Amino acid sequence: MRGFSVLGGDGVANDGPVEHGYPHLETVRAAITALYRRLSYDTVQTFATSVVPADVAFGDTDDLYLGAQRVARELVRHYRLPDARLIVSFREMTHAANVELAAGPEYFVELNDRFRAHRRDIGAALAHEVMHVYLHRLGLSFPGTRDNEILTDTATTYLGAGWLLLDAYREDAASSQKLGYLTPEEFGYVLAKRALVFGEDPSVWFTSPQAYTAYVRGMARARRDGQQPPLTAAGWAGRRRYARDRRHAQDHRVPGPADMPYSFSPDGPGPLRVSFPCPTCHQRIRVPVRGRVRARCGLCRTVLECDT
Ligand SMILES: [Zn+2]
Ligand SMILES: [Zn+2]
């Protein structure tokens, strides 16, 4: 199994400048939906508490192997993988880390030699690798390496260990480092969606100013998911556009514009219905077009106040 890339100028792998923005947003959202489908609402709720810094703290004077084993055990405990045992080793390699996905209960994780000198980031690398084991045991994967790595980063973050990956993102005049496949803003987005569901404030854990900035941006983006029509929290411009699209759908019996998140179902004899993504889990919700409607997402149980 492929690991993930480390950027930086110290001879590990330099994949060019750090990518920003939301190039993987559709896959990230599909990953959140897939997590709810596979785990159920109840299991997602058991991850209400994140890994906290003290759980994965790693001082430069701690023994490398004992420390790495201890952090791995913490992550195994966090993900509730009762009998899994991680054997951590270090070697020279291009990627940051990789894990051998065998039958278990022992799993061999290799970390890049770079982490010998960057021990505080070992928790971040292991958070991603142990999530590979978790998803492997669940039998949950996306086709293709890229999408599967995005699923892994998204699941790591949504289930409470991914803030470590975002915090490992640091830039200064001389070098940059980023772990994982999501951009910093995408990590911030998933972290913010988690924070909104669990009422958590992960920003207090950041040691990296760049990570904090990415989190703030991701939060703004995550809030926008809850402000799309037909949700009542939508802004004036969005509501006006929605009213126009709805009228058009009613008059011409068409689904509506392809560039909007909502679409109308004009087929059949019944009243017009509108479907749109749940702002929490992104499963599509369908409600009748008849003014104020309160719906509850069947997957993540979010109550949705709509003006259809
Ligand atoms: Zn990976
Ligand atoms: Zn939902």
Side-chain angles (χ1 to χ4, degrees), residues 4-10 12-29 31-32 47 49-58 96-97 114-115 118-128 131 146 149-228 233 235 279-280 282:
F4 51 107
S5 63
V6 179
L7 300 181
D10 54 354
V12 178
N14 196 334
D15 295 338
V18 172
E19 189 178 26
H20 284 279
Y22 302 91
H24 316 107
L25 196 57
E26 283 316 303
T27 311
V28 165
R29 287 172 171 164
I32 293 172
F47 288 92
T49 307
S50 285
V51 172
V52 294
D55 292 344
V56 291
F58 202 141
R114 170 197 169 89
F115 289 111
H118 292 84
R119 297 184 186 188
R120 67 171 172 169
D121 295 327
I122 286 177
L126 289 175
H128 176 99
M131 179 49 76
R146 169 192 174 276
E149 293 295 347
I150 290 166
L151 168 67
T152 306
D153 278 342
T154 303
T156 305
T157 307
Y158 206 82
L159 301 183
W163 69 268
L164 290 162
L165 284 159
L166 177 53
D167 197 42
Y169 164 53
R170 291 180 213 105
E171 276 192 67
D172 59 38
S175 67
S176 68
Q177 167 185 286
K178 192 185 81 66
L179 296 180
Y181 285 78
L182 302 188
T183 67
E185 291 76 17
E186 287 168 340
F187 273 119
Y189 171 80
V190 180
L191 201 51
K193 291 188 80 77
R194 171 184 164 79
L196 292 171
V197 163
F198 293 113
E200 188 176 66
D201 180 13
S203 66
V204 295
W205 299 323
F206 291 127
T207 60
S208 155
Q210 291 83 18
Y212 178 76
T213 303
Y215 175 67
V216 170
R217 289 188 181 138
M219 177 58 90
R221 185 81 188 207
R223 286 195 192 284
R224 266 165 52 194
D225 288 346
Q227 296 164 350
Q228 300 298 319
T280 302
H282 297 276

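Positions are given from 1 along the sequence. Here the structure is a predicted model, which means the values were calculated and not measured.
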* Asked: side chain to side chain contact (heavy atoms under 4.5 Å, CB included) between L179 and H128: does it pass, once the steps are laid out?
  -> CA-CA 9 Å; L179 296 180; H128 176 99; over 6 Å; no
* Rounded to the nearest 0.5 Å, how far apart are CG of L191 and OG1 of T156? -> 12.0 Å
* Asked: CZ of R217 to NE2 of H20: how many Å apart, nearest 0.5 Å?
  -> 7.5 Å
* To do: Could you tell me whether a side-chain N or O of E186 sits under 3.5 Å from a main-chain N or O of H24, the two making a donor and an acceptor?
  => yes
* Can you tell me how far CG of L164 sits from OG1 of T157, rounded to the nearest 0.5 angstrom? -> 9.5 Å
* Asked: For G21 and T183, which heavy atoms make the closest approach, and how far apart are they?
  -> O-OG1, 2.6 Å
* Asked: Minimum heavy-atom separation for A124 to L165, with atom names?
  -> O-CD2, 3.5 Å
* Asked: Are any of the side-chain heavy atoms of R194 and P202 separated by less than 4.5 Å?
  -> no
* Distance in Å, L182 CG paired with F187 CZ, rounded so as to fall on 0.5 Å steps -> 4.5 Å
* To do: Mind telling me whether F206 and W163 have parallel, tilted or perpendicular rings, with 30° and 60° as the class edges?
  => perpendicular
* Look at atom OH of Y212 and say whether more than 12 heavy atoms of other residues, nucleotides or ligands are closer to it than 6.0 Å. => no
* To do: Determine whether E149 and D153 make a side-chain contact, defined as any pair of heavy atoms from C-beta on separated by less than 4.5 Å.
  => no
* Do any N or O atoms from the side chain of Q177 and from the backbone of A168 form a donor-acceptor pair under 3.5 angstrom? -> yes
* Structure fact -> salt bridge (Lys or Arg N to Asp or Glu O under 4.0 Å) test vs D121 passes for just one of R114, K178, R170, namely R170
* Are Q210 and P184 side-chain neighbours, meaning at least one heavy-atom pair lies under 4.5 Å? -> no
* Could you tell me whether the side chain of T27 reaches within less than 4.5 Å of the side chain of L151, counting heavy atoms only? => no
* Structure fact -> Residues A192 and A222: closest non-hydrogen pair is CB-CB, 3.8 Å
* **Inter-residue atom distance R120.CZ - T207.OG1, 0.5 Å rounding** => 5.0 Å
* So, for F47 and L159, which heavy atoms are closest and what is the spacing to 0.1 Å? -> CD2-O, 3.5 Å
* Asked: Which heavy-atom pair separates A96 from F115 by the least distance, and what is that distance?
  -> O-CE1, 3.3 Å
* To do: Check step by step if side chain to side chain contact (heavy atoms under 4.5 Å, CB included) holds for Y22 and E185.
  => CA-CA 7 Å; Y22 302 91; E185 291 76 17; 3.6 Å; yes
* So, do L196 and R223 sit near enough that their side-chain heavy atoms are less than 4.5 Å apart? -> yes
* Stepwise side chain to side chain contact (heavy atoms under 4.5 Å, CB included) test for S203 and M219 -> CA-CA 11 Å; S203 66; M219 177 58 90; over 6 Å; no
* Asked: So do the side chains of I32 and Y158 get within less than 4.5 Å of each other, counting heavy atoms only?
  -> yes
* Asked: With no hydrogens and no angle check, do the side chains of R29 and Y189 hold a donor and an acceptor under 3.5 Å apart?
  -> yes
